[in-house]
Amino acid sequence: MEPGFVEDSGEGSRGYARWIQGALERGVFGGARRLGRPRRQIDAYRCVSCGHLELFAHHPV
């Protein structure tokens, strides 16, 4: 496993959340520092019986 964090742009979102490689570091204005870091689209799957949720980050964006 490698460290990373999840980013979602809210109202300006592209329709999917992204996983960004590396530990979360804050910039001068409090936002996440993410320039130049690899990003992957997060795919989510849910069990219809119990609601268990699993996330996968395979596809580079």
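Within the model, atoms CD of Gln41 and CH2 of Trp19 stand 14.5 Å from one another, a figure rounded to the nearest 0.5 Å.
Here Ala44 pairs with Leu53, Leu55 under the side chain to side chain contact (heavy atoms under 4.5 Å, CB included) rule; sequence neighbours left out.
Of all heavy-atom pairs between Phe5 and Ala32, the closest is CE1-CB, 3.9 Å. Shown here for Pro3 and Ala23, the closest heavy-atom pair between the two residues is CB-N, 4.3 Å.
Applying the salt bridge (Lys or Arg N to Asp or Glu O under 4.0 Å) definition to pairs two or more places apart or across chains, none involves residues 43-61. A salt bridge (Lys or Arg N to Asp or Glu O under 4.0 Å) check over residues 23-38, counting only residues at least two apart or in different chains, returns the pairs Glu7-Arg34, Glu25-Arg33, Glu25-Arg37.
Counting only distance, with no hydrogens or angles, the side chain of Arg40 and the backbone of His58 share a donor-acceptor pair below 3.5 Å.
Each of Ile42 and Phe56 belongs to its own hydrophobic cluster when Ile, Leu, Val, Met, Phe, Trp and Tyr are linked at side-chain heavy-atom distances under 4.5 angstrom.
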